[in-house]
Amino acid sequence: MHAMKELWNYFNEIKTIQYIDELLGWDQSVNMPKGSIEGRAEQSKFIRELIHKKIKSDKVGELIKKAEKLNNLSQTEKALIREAKREHEHAKKIPDELVGEITKTRALGFIEWEKAREKSDFSRFKPFLQKMVELRIEFAEKLDTGPTLYSTLIDLFEPGATYNWVAKIFSQMKSSIVKIVKKLNNSSDKPNQSILKKYYDPEKQWQLSNEIIKKLNFDLNIGRQDKSTHPFTSSLSSVDTRITTRIWEDFLPACIFGTIHECGHALYEMGFDEEIHGTFLADGCSMGIHESQSRLWENIVGRSREFWVYWYPIFKKTFPENLKDYSMEEFYRSLNVVQPSFIRVEADEITYGLHIILRFELEKMMIEENLQIDELPEIWNTKFEELFGIVPPNDKEGVLQDPHWIGGYGYFPTYALGNLYGAQIYHKVLKDNPKLPQDYEKGEFSNLLSCLKENVYQYGKIYRASELIKKITGEDLNPDYFIKYAENKFYPIYGF
Ligand code: ZN
């Protein structure tokens, strides 16, 4: 058989197994009884090992070599070879024992993290964290794909990105965010969130969240929404994308924006060109680009005035007691409060970047500068005060809030890159289609979806993020678009 065809088939098979793994994970988070974890863990381990073995096999190496020699390869074929090679080389460099050790430490450490966070007791989590940092350093040393250890880890999530590149972008972003937050803080006409912090019937929230995804063109014929502790998106095939949301009865935004965020991820997954359905390229371009789409729908669209011109009357009708005394404008402003806060996942879209910068700087210190894990809580608090002007009252609201570090390092930066990519892409889309926001006022989002599909979604993983952003906007990632967007949106909200 033709080498290219054989490579396609082989990786389509791997993709099929990965979809089955996703199904196991989705079921575990949504349906599975708590007591059934042991059996599921066994199944997941089996499937992961199977995938690892298949990617690592010498047969793949040979197929890649043969395919690379072919002439007249299409863009898509070249991309498949690139991805196959990357995965194969990674898998070959990392010994099975190290993979096993990381998986085990993560599983045990996650359970300990939950207890430590609950009791705000860093000391019980510390040994697991220490171990994971050591394992990830070893992992990065073995992989050795970037100019530094931390760059190697960042590249796993944002292919092509390095520490220096991210640091430069973040330093531009940081000074502008600090300036904006300072100015907003001096406003004598600040919005407040009290409207949102009332009892909102969970059943009604759930119904509204389902109405919203329908209007956003989430295709219920090939997708569904459920509830889970932490919202997530999971694709179980090219025609089966599931999202989840969570409902807090005393804080309306948790469910609504959780839903819109995950719907943004899902629209991306549902928008791949049919040519790449079921293939290894049916995936987001990078974590940063994937996050740009969830945040674009959640913040740029979902927290816009135009969006609420359509939705506020519906919300008012659904929650008449809570909202009868408030205008659409007051509600809109309450959704866009900017203020320093301790918890990342509850942060507004402006101060969010500072939460990421804090983690980015600490990850660098842990992976490359031998930061003593004992000192982590104290360093967290000192840096937090420098960035936000407030100090977390305890470790639960400080260093223990996120579980990410019991898994890996280099993932956090992609969240903030998502805000920046999103603003730059949206700026271009809006320049080409200035009337789009008028659609939102009518509850109409299909034109925006078509634009994003055409520019971003259809390609899946064919391009690298740096290529895609240049192809769409004509320039490299530039944080100025996010800063301009933030100033234009938030200064008026705060009466400037
Ligand atoms: Zn996301």
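Note that ligands are numbered from 1 as they come in the structure, with each ligand's atoms numbered from 1 the same way.
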Taking E306 first and then K442, would you say they form a salt bridge - that is, a charged N and a carboxylate O separated by under 4.0 Å? no
Could you tell me whether D155 and R86 make a salt bridge, using a distance below 4.0 angstrom between a side-chain N and a carboxylate O? yes
Among N, O or S atoms, E291 approaches the Zn ion (ligand 1) most closely through OE1
State the atom name: nearest N, O or S atom of H265 to the Zn ion (ligand 1). NE2
Specify whether an N/O/S atom of E262 falls short of 2.8 Å from the Zn ion (ligand 1). no
Within less than 2.8 Å of the Zn ion (ligand 1), any N, O or S from H261? yes
Are F319 and Y199 an aromatic pair, judged by ring center distance below 6.0 Å? no
For N478, is there any backbone N or O sitting under 3.5 Å from a side-chain donor or acceptor partner on Q424? yes
